[in-house]
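What's counted below: heavy atoms across the whole structure, side chains too, no hydrogens, waters or symmetry copies. Heads up: numbering here begins at 1 and tracks the sequence.
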Amino acid sequence: MAESKTALVTGAGSGIGQAAALALQAAGYAVVLAGRRLERLEATAERKAAEGGAMLPVAADVTDPASVEALFARAEAEFGRLDVLFNNAGLDVDPKPLDELPVEDWKLVVDTNLNGAFLCARQAIRLMK
């Protein structure tokens with residue numbers, strides 16, 4: 001198990017999540033890269049700083065409790081600890097009037113942006129204890 005501090009970043013395959021993961025890794029953190037698309041996570045890991053911490057890409061779906069549990073179990077097995085959760089995974093839908101928004105789209109946004117953040121925070125707190 002590594003002695004360095006460990007961070008887990010959701011949505012680490014692009015955008016803000018990717019930037020945060022790279023900054024944490026360059027600062028010496030071991031970083032678990034979480035997201036739905038493993039190839040994007042691996043591309044993020046390839047950009048790591050030579051002097052930074054380890055990076056571990058793990059495909060996970062934050063809307064699925066079992067997937068989130070497996071993600072945090074993998075982080076614990078690999079690094080033995082968690083110091084930072086950057087709870088960044090999220091999505092949106094094409095803008096449209098509320099009365100035209102399909103219920104399925106609404107549920108997907110809420111499940112990802114709200115429930116996913118809850119599921120990850122719950123697992124992070126358990127591991128941080």
Checking Asp83 now: which residues fulfil side chain to side chain donor-acceptor pair (under 3.5 Å) with it, not counting sequence neighbours? Arg81
Would you say Phe86 and Val62 are hydrophobically clustered, going by side-chain heavy atoms of ILVMFWY under 4.5 Å? no
As an exercise, state the distance from CG of Leu71 to CG of Asp64, rounded to the nearest 0.5 Å. 11.0 Å
Report yes or no: does Thr10 contribute a side-chain atom to a donor-acceptor pair with the main-chain N or O of Ala34 at less than 3.5 Å? no
Within a strict 4.5 Å, meaning less than it, do heavy atoms of the Pro102 and Asp105 side chains meet? yes
Which atoms form the tightest heavy-atom contact between Pro57 and Leu41, and what is the distance? CB-CB, 3.7 Å
Verify the cluster assignment for Val68 and Val109: are they in a single hydrophobic cluster under the rule of side-chain heavy atoms below 4.5 Å apart? no
Say whether, by atom type as modelled, one donor and one acceptor occur between the side chain of Asp61 and the main chain of Ser67 under 3.5 angstrom. no
Answer yes if Leu85 and Val9 sit in the same cluster of Ile, Leu, Val, Met, Phe, Trp and Tyr residues linked by side chain heavy atoms under 4.5 Å apart, and no otherwise. no
Nearest-0.5 Å distance, CZ of residue Phe79 to CZ of residue Arg74: 8.5 Å
Determine all donor-acceptor pairs shorter than 3.5 Å in which one atom belongs to a side chain in residues 14-25; sequence neighbours excluded.
| unit_1 | atom_1 | unit_2 | atom_2 | d |
| --- | --- | --- | --- | --- |
| Gln18 | OE1 | Arg47 | NH1 | 3.0 |
| Gln18 | NE2 | Thr44 | OG1 | 2.9 |
| Gln25 | OE1 | Ala49 | N | 2.7 |
| Gln25 | NE2 | Ala49 | O | 2.9 |
| Gln25 | NE2 | Gly53 | O | 2.8 |

State, yes or no, whether a side-chain contact exists between Tyr29 and Val84 at a heavy-atom distance under 4.5 Å. yes
Do Met55 and Val32 sit in one hydrophobic cluster, given that two such residues count as connected whenever their side-chain heavy atoms are within less than 4.5 Å of each other, even indirectly? no
So do the side chains of Leu33 and Val31 get within less than 4.5 Å of each other, counting heavy atoms only? yes
Please answer: with hydrophobic residues joined when any side-chain heavy atoms are less than 4.5 Å apart, are Val103 and Leu98 in the same cluster? no
Could you tabulate the donor-acceptor pairs under 3.5 Å formed by side-chain atoms of residues 112-129, not counting sequence neighbours?
| unit_1 | atom_1 | unit_2 | atom_2 | d |
| --- | --- | --- | --- | --- |
| Thr112 | OG1 | Leu108 | O | 3.0 |
| Asn113 | OD1 | Leu91 | N | 2.8 |
| Asn113 | ND2 | Leu91 | O | 2.9 |
| Asn115 | ND2 | Asp111 | OD1 | 3.1 |

